[in-house]
K.L.:
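Once you've had a glance at the structure underneath, I'll fire off some questions.
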Amino acid sequence: MHQASNENLPPNVIKQLAKELKSLDESPPDGIKVVVNDEDFSQICADIEGPVGTPYENGLFRMKLALSRDFPHSPPKGYFMTKIFHPNIASNGEICVNTLKKDWNPSLGLRHVLSVVRCLLIEPFPESALNEQAGKMLLENYEEYARHARLYTGIHAKPKPKFKTGAISESTTALNVGQTNNETPGAATAIPSSVADMKRVTTTSAQDQQQVANVPVAAASVGSTQKRESGLAKVQADKKKVDARKKSLKRL
């Protein structure tokens, strides 16, 4: 940890934050993953999973808590870095929740603050809306509000794709590698489980390719042979004609 980057926070606060962040990393709250930056504890980021049963389901939202020098006596400022359609979150990402304002208490820890923010996705408070359109829509037409929120979630809060163990199988299937006549096109190709299997598949594939490659070669060979034989027969016939004419000329 570079102390110089944390100099805007008192040493005792840094020590307390280090303990809290370690606890959050070892036992994260439900649906929340803190992104720790040891060089700057005054900017704490977290990834929040959209709660199931809400318009934010299947979304992953990055948020930030900005701590001032007099933290924890003053509350941190909360921001959503991922665009979201929500009554209590402004277009610039600022979060409006009482826990970070009038209900703030220096004894409240980061775990509590993060959990409250996630709960805000489950139960918004349109009465204290920063996004007036979302607040009005939530009160007057929930289905329309939910449609907007889902749209934003689908566009802006897509989780990063995880590596699929079947990706190799899918790609080889798409290329029809090692496919035989008995296999259904598009069926999943088994992934070799050992070096020996890899060699076997590679050898089989090479043999298949060679067989395919030999078909046009063989056809071309047969065609060229027939053409050559036909040409020789024509030359011999012409030669006989010439010889016959020579004999008739000698008689004259």
Side-chain angles (χ1 to χ4, degrees), residues 8-9 17 20-21 24-25 28-37 40-162:
N8 60 326
L9 295 173
L17 285 173
E20 283 198 69
L21 291 171
L24 287 167
D25 186 55
D30 184 38
I32 301 172
K33 176 65 177 175
V34 175
V35 182
V36 179
N37 178 7
D40 189 0
F41 286 166
S42 67
Q43 305 288 326
I44 297 171
C45 293
D47 288 329
I48 299 180
E49 296 176 4
V52 176
T54 72
Y56 310 104
E57 184 176 351
N58 297 325
L60 189 66
F61 302 86
R62 172 66 61 93
M63 69 154 292
K64 178 177 71 174
L65 292 175
L67 281 55
S68 61
R69 182 168 177 78
D70 59 348
F71 178 85
H73 300 293
S74 63
K77 290 186 179 294
Y79 298 91
F80 264 74
M81 301 168 74
T82 303
K83 284 186 177 296
I84 183 173
F85 188 77
H86 190 286
N88 307 113
I89 301 168
S91 57
N92 67 350
E94 183 181 352
I95 303 169
C96 178
V97 62
N98 287 337
T99 301
L100 298 178
K101 296 185 181 300
K102 64 180 183 179
D103 292 343
W104 173 254
N105 187 313
S107 64
L108 296 176
L110 297 177
R111 183 181 296 272
H112 176 77
V113 172
L114 293 171
S115 297
V116 166
V117 171
R118 187 167 189 266
C119 285
L120 200 62
L121 300 184
I122 301 172
E123 188 177 356
F125 295 98
E127 298 80 7
S128 57
L130 286 179
N131 184 329
E132 293 183 6
Q133 181 190 8
K136 184 178 180 181
M137 203 175 284
L138 175 60
L139 290 172
E140 297 178 357
N141 189 341
Y142 179 82
E143 288 304 319
E144 186 67 11
Y145 155 74
R147 188 179 71 81
H148 269 71
R150 279 194 294 268
L151 181 65
Y152 269 65
T153 300
I155 295 173
H156 302 292
K158 289 182 178 179
K160 291 182 179 179
K162 296 180 180 179

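No experiment lies behind these values; they were computed from the predicted model shown. Reckoned from all heavy atoms, side chains included, excluding hydrogens, waters and symmetry mates.
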K.L.:
Just so I know, are the side chains of Leu138 and Pro124 near enough to count as touching, which here means a heavy-atom distance under 4.5 Å?
P.N.:
yes
K.L.:
Find the distance between NE2 (His148) and CD (Gln133) and round it off to the nearest 0.5 Å.
P.N.:
5.5 Å
K.L.:
May I ask you to test the Leu17-Leu9 pair for a side-chain heavy-atom distance under 4.5 Å?
P.N.:
yes
K.L.:
Who passes side-chain contact (heavy atoms from CB on, under 4.5 Å) against Asn98, sequence neighbours left out?
P.N.:
Lys102, Asp103
K.L.:
Any side-chain heavy-atom pair from Leu24 and Pro29 closer than 4.5 angstrom?
P.N.:
yes
K.L.:
Roughly how far apart are Leu67 CG and Ser42 OG, rounded to 0.5 Å?
P.N.:
7.0 Å
K.L.:
Run the numbers on Asp47 and Ile32 for side-chain contact (heavy atoms from CB on, under 4.5 Å), then give the verdict.
P.N.:
CA-CA 6 Å; Asp47 288 329; Ile32 301 172; over 6 Å; no
K.L.:
Can a donor-acceptor pair be found, under 3.5 Å and without considering hydrogens, that links the side chain of Glu94 to the backbone of Ala90?
P.N.:
no
K.L.:
Mind checking the SG-CG spacing from Cys119 to Leu114? Nearest 0.5 Å is all I need.
P.N.:
11.0 Å
K.L.:
Taking all heavy atoms of Ala157 and all of Phe61, pick out the closest pair and write down the distance.
P.N.:
CB-CE2, 3.5 Å
K.L.:
Can you run down the side chain to side chain donor-acceptor pair (under 3.5 Å) pairs that involve residues 106-120, sequence neighbours left out, and say none if there aren't any?
P.N.:
Ser23-Arg111, Ser27-Arg111, Asn105-Ser107
K.L.:
As an exercise, state the distance from NE2 of His156 to CG of Leu60, rounded to the nearest 0.5 Å.
P.N.:
14.5 Å
K.L.:
Using only atom types and a distance under 3.5 Å, with no angle test, would you say the side chain of Glu20 pairs donor to acceptor with the backbone of Leu110?
P.N.:
yes
K.L.:
How close do Pro28 and Asp25 get, heavy atom to heavy atom, and via which atoms?
P.N.:
CD-O, 3.8 Å
K.L.:
Contact between Gln43 and Leu65 at the side-chain level, heavy atoms closer than 4.5 Å - yes or no?
P.N.:
no
K.L.:
Are Tyr56 and Ile48 packed together at the side-chain level, in the sense that at least one heavy-atom pair is separated by less than 4.5 angstrom?
P.N.:
no
K.L.:
Which residue pairs pass the salt bridge (charged side-chain N to carboxylate O under 4.0 Å, His left out) test with at least one member in residues 124-139, sequence neighbours excluded?
P.N.:
none
K.L.:
How far does NZ of Lys64 sit from CD1 of Ile95, to the nearest 0.5 angstrom?
P.N.:
11.0 Å
K.L.:
For residues 73-89, run the donor-acceptor check on the side chains, cut-off 3.5 Å, and write out each pair with its distance to 0.1 Å, sequence neighbours left out.
P.N.:
residue, atom, partner, partner atom, Å
Ser74, OG, Ser68, OG, 2.9
Ser74, OG, Asp70, OD1, 2.5
Ser74, OG, Asp70, OD2, 3.3
Thr82, OG1, Arg62, N, 2.9
His86, ND1, Asn88, N, 3.0
His86, NE2, Leu120, O, 2.7
Asn88, OD1, Phe125, N, 2.7
Asn88, ND2, Phe125, O, 2.7
Asn88, ND2, Ser128, O, 3.2

K.L.:
Is there a side-chain contact between Lys101 and Cys96, using heavy atoms and a 4.5 Å cut-off?
P.N.:
yes
K.L.:
Which is it for Asn58 and Thr153 under the side-chain contact (heavy atoms from CB on, under 4.5 Å) test, yes or no, and what are the steps along the way?
P.N.:
CA-CA 8 Å; Asn58 297 325; Thr153 300; 5.8 Å; no
K.L.:
Could you tell me whether the side chain of Tyr142 reaches within less than 4.5 Å of the side chain of Pro55, counting heavy atoms only?
P.N.:
yes
K.L.:
Are the side chains of Leu21 and Phe41 in contact, using a 4.5 Å heavy-atom criterion?
P.N.:
yes
K.L.:
Sorted by first residue and then second, give each salt bridge (charged side-chain N to carboxylate O under 4.0 Å, His left out) pair with at least one member in residues 138-147; sequence neighbours left out.
P.N.:
Glu144-Arg147
K.L.:
Angle class for the Phe71/Trp104 ring planes (parallel below 30°, perpendicular above 60°, tilted otherwise)?
P.N.:
tilted
